[in-house]
Amino acid sequence: MHAQTTMTFFTMVTPEFLQSPQAGFISSGMVQHCYDGLWTVKELLEYGDCGLGTFHRLDGELIVLDGVVYQVKGDGSVAQAAGDVTIPFAAVAHFSGGNVLPVCWNIPDLPSLCQWLDQQAERVGGHGSSMLLAKLLGRFDRICVRSVYPQQKPYPTLEQVSSEQMEYCYTHLTGTLVALKGPEEYRNINPPGWHFHFLSQDRIKGGHVLEAAIENIQGAMDIVGSVEARYPENRRIDTENWYS
C-alpha cells in the first residue's frame, strides 16, 4: 500500500463561483483582487502539518513544515506566523512520508528536479493525473526564490504583483523544499505542475522557488488520495467591493 494523504485547500473558488460570470478572474487557485485573509493559521494547522500558501494581502510566502507555519516576507526574512494571522489561500496535508525517495545527486536545474520527481512518483504508484506532495532536504549549490510585500487596496492583479516581486539568490545552502504537484483537473484551485517553497535549515531564508541547482537531495512523497476544500462560510465574493 503506497502512502497517501488528504489534501485540504483553503480557497475562495467555490463551486458557485465557477458557474458565475466572474469565473474568469480565477488565477493560481485564487480570485484576482481578493487577497483578504479569511482563515487563521490556527485553523490551517487543524488540517495539516505540511503545505504552502500565502497570507492576508499577499504578505509574503507561506510554508508549513513539521507543523509550524513560516512567513517569508518581502524583504526575504523569515518568521513563525502567529495563530491569529490570516490567509486567503493555502494547501495543507498531514504528511506521512511513507514513500521514501533515494538520494539524487547533481540536479542542474528546476525542470530536471521536476522530471526526477515525476519518475519517483511513478515508482511509488503515482501517475500523470496524481496530485503529489513531497518534502525534500537538500544541499543547494544555488537557489533563487521570490516573495512579495503586502498589497494595498485597490488590489492589483496577480500578474501585476508578480512584476514587482522581490527575488533573492543564495549559494551553498542546506534547506527543505515543500513541493506540491497539481494535476490539470484541479487547475481551478491549484495551478498545474510542480510548485516549490523553500526554507533554509537555519530558518532565516526562504520563498517561492524560481531556480535551483542542487548538489544532492532526498526526502519522501505522499500521493494525494483525496482532496477537500474549505470555502468561506457565510460570506460570498462580492466583486463590487474588490476595489474598496
Side-chain angles (χ1 to χ4, degrees), residues 10 28-30 34-45 47-93 95 109-110 113 133-153 155-180 190-191 194-215 217 219:
F10 291 76
S28 300
M30 298 183 65
C34 282
Y35 310 141
D36 290 341
L38 297 177
W39 301 273
T40 66
V41 164
K42 182 179 179 181
E43 290 176 289
L44 180 70
L45 290 175
Y47 291 87
D49 55 17
C50 184
L52 42 76
T54 188
F55 292 91
H56 175 62
R57 297 194 294 137
L58 301 187
D59 186 9
E61 302 288 347
L62 181 152
I63 306 166
V64 188
L65 183 61
D66 300 329
V68 179
V69 177
Y70 297 91
Q71 181 180 14
V72 184
K73 300 181 180 180
D75 63 2
S77 64
V78 178
Q80 288 191 28
D84 60 354
V85 172
T86 58
I87 59 170
F89 173 82
V92 293
F95 190 72
D109 50 35
L110 214 54
L113 175 61
L133 180 66
K135 184 166 65 174
L136 308 164
L137 177 64
R139 176 68 178 173
F140 296 82
D141 294 323
R142 174 179 168 85
I143 186 165
C144 294
V145 296
R146 76 172 186 211
S147 191
V148 296
Y149 285 101
Q151 305 302 303
Q152 304 295 330
K153 290 184 177 181
Y155 289 138
T157 65
L158 289 173
E159 288 76 13
Q160 291 169 326
V161 173
S162 296
S163 70
E164 299 179 357
Q165 69 189 17
M166 305 302 295
E167 299 182 7
Y168 305 95
C169 291
Y170 307 107
T171 57
H172 308 299
L173 200 61
T174 299
T176 300
L177 293 176
V178 173
L180 173 62
N190 190 73
W194 284 102
H195 181 183
F196 301 91
H197 281 194
F198 171 78
L199 188 65
S200 63
Q201 190 173 46
D202 56 14
R203 304 298 191 254
I204 62 173
K205 300 179 179 71
H208 172 102
V209 181
L210 301 173
E211 302 175 21
I214 305 169
E215 178 182 325
I217 199 163

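What you are looking at is a predicted structure, and each value in this text was computed from that prediction instead of being measured.
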Checklist entry - Is there a side chain to side chain contact (heavy atoms under 4.5 Å, CB included) between F55 and V69 once you walk through the steps? => result CA-CA 11 Å; F55 292 91; V69 177; 4.0 Å; yes
Rounded distance (nearest 0.5 Å) linking atom [atom1] of [X] with atom [atom2] of [Y]:
X    : Y    : atom1 : atom2 : result
D75  : Y149 : CG    : OH    : 4.5 Å
F140 : L173 : CZ    : CG    : 8.0 Å
L65  : F198 : CG    : CZ    : 11.0 Å
I217 : T176 : CD1   : OG1   : 9.0 Å
H208 : S162 : NE2   : OG    : 8.5 Å

Once you measure the plane-to-plane angle for [X] and [Y], does it fall in the parallel (<30°), tilted (30-60°) or perpendicular (>60°) bin?
X    : Y    : value
F10  : Y47  : perpendicular
Y155 : Y35  : tilted
H195 : H197 : perpendicular

[X] side-chain N/O to [Y] backbone N/O, donor-acceptor pair under 3.5 Å:
X    : Y    : answer
Q160 : T157 : yes
T171 : R142 : no
S147 : K73  : yes
D36  : P88  : no

Next on the checklist: Looking at R146 and E61, is there a salt bridge between them, counting it only when a charged N and a carboxylate O are closer than 4.0 Å?
Outcome noted: yes
Checklist entry - Do other residues, nucleotides or ligands put more than 12 heavy atoms under 6.0 Å from the CD atom of E164? => result no
